[in-house]
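Comments concern the structure below.
This structure is a prediction, so every number in the text was calculated from the model and none was measured. Counting starts at 1 for both ligands and their atoms, following the listed order.
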Amino acid sequence: MSNHNDPFTAAQREGLYRAIFERRDVRSQFLPEPIPDDVLGRILKAAHHAPSVGFMQPWDFIVIDSLAVRKRVLASFNEENEKAADQYTGRRKDTYRSLKLQGILESPMNLCITCDRTRGGPHVLGRNSIVEMDLFSTCLAVQNLWLAARAEGIGVGWVSILDQQVLSDILQLPEHVYPLAYLCLGYVSEFLGQPELQTRGWRSRLPLEELVHGNGWGGSLEQETLLAQLKQR
Ligand SMILES: Cc1cc2c(cc1C)N(C[C@H](O)[C@H](O)[C@H](O)COP(=O)(O)O)c1[nH]c(=O)[nH]c(=O)c1N2
């Protein structure tokens, strides 16, 4: 791999931004064909090259193809999803119920990315004051995997409507290992142009210019050109 300090070419930049903007959370569009080992190896390697606090690398990757295991996870989803639906009323509840929020069986494989909270010993550089930094690091591994998968034409769906303890039991995780992300992976019939939650009227992308502040919460930006750039859709 090259190690230059020059910027990416325009085509390389475009590829990176394309992965970022065209990544989707996939639930409904999975195809059953398996992911070849070399492709899976590449996206796992991308995940493993995420930044981590103190270079802790707290992640492990549990590759799940067993139908029996997936059915148990789906049962936990169904139970938790019922509880979640009860949080809503009226039309919102109907919409919630109509959303497909997992592709556990339709996708050819599931992957649990875990966080070993003890890796690197009790004093991890950079984690002394804020202990959750190991969890945040693991999220970055998830995002690396998600983007690399998009570049490979593979969809990823994050399923978090699960009981954490049930999931830990199903996957036989030790006490100190946290099941951070339960993911469904597979080739897809299509990547949707925008988040499904937006298309379905659940929630829309917020205007970026309202989220960038100057010098403190709510402070306005003085950089007019930047502001104009942020407003571009
Ligand atoms: C931590 C976390 C947890 C979940 C998600 C995401 C993240 C980051 N998302 C996907 C989420 O709904 C989706 O990312 C947003 O709607 C934006 O859509 P795109 O990812 O841009 O397609 C998600 N989706 C879903 O159908 N079931 C789920 O349980 C979850 N859980």
* Asked: Can any side-chain N or O of Gln198 pair as donor or acceptor with the backbone N or O of Pro195 at less than 3.5 Å?
  -> no
* **Atom indices of ligand 1, in the order listed, that fall short of 4.0 Å to a heavy atom of Ile161** => 29 (O)
* Of the side chain and backbone of Arg27, name the one, both, or neither that has a heavy atom under 4.0 Å from an atom of ligand 1. => side chain
* Nearest protein heavy atom to atom 20 (O) of ligand 1, by residue and atom, and its distance? -> Arg23 NH1, 2.8 Å
* Side chains of Leu111 and Leu145: closer than 4.5 Å at any heavy-atom pair? -> yes
* State whether a side-chain donor-acceptor pair under 3.5 Å links Arg200 with Ser98. => yes
* Structure fact -> atom 3 (C) of ligand 1 has as its nearest protein heavy atom Ser160 OG, 3.5 Å
* Asked: Side-chain contact, heavy-atom cut-off 4.5 Å: Ser189 with Leu31?
  -> yes
* Counting only heavy atoms, which portion of Leu101 has something under 4.0 Å from ligand 1: side chain, backbone, both, or neither? -> both
* So which protein heavy atom does atom 18 (O) of ligand 1 come closest to, and at what separation? -> Pro195 CB, 3.2 Å
* To do: Looking only at protein heavy atoms, identify the closest one to atom 21 (O) of ligand 1 and say how far it is in Å.
  => Arg24 NH2, 2.8 Å
* Using a strict 4.0 Å cut-off to heavy atoms of Val159, name the atoms of ligand 1 that fall inside it. => 28 (C), 29 (O)
* Asked: Excluding sequence neighbours, so at least two apart, what forms salt bridge (charged side-chain N to carboxylate O under 4.0 Å, His left out) with Glu209?
  -> Arg233
* List the steps and the verdict of salt bridge (charged side-chain N to carboxylate O under 4.0 Å, His left out) for Glu210 and Lys231. => CA-CA 9 Å; Glu210 291 176 17; Lys231 284 181 179 167; over 6 Å; no
* Ion pair check, Arg119 and Asp60, cut-off under 4.0 Å -> yes
* Structure fact -> Within 4.0 Å of some non-hydrogen atom of Leu197, the atoms of ligand 1 are 12 (O), 16 (O)
* Structure fact -> closest protein heavy atom to atom 8 (C) of ligand 1 is Trp158 CE3, 3.9 Å
* Gln194 touching ligand 1 at heavy-atom level, < 4.0 angstrom -> no
* Asked: Would you say the side chain of Leu40 lies within less than 4.5 Å of the side chain of Ile154, judging by non-hydrogen atoms?
  -> no
* Please determine, by modelled atom types, if Asp169 and Gln165 share a side-chain donor-acceptor pair under 3.5 angstrom. => yes
* Counting only non-hydrogen atoms of the protein, does one fall under 4.0 Å from atom 15 (C) of ligand 1? -> no
* To do: For atom 13 (C) of ligand 1, grab the closest protein heavy atom and report residue, atom and distance to one decimal in Å.
  => Asp25 CB, 3.8 Å
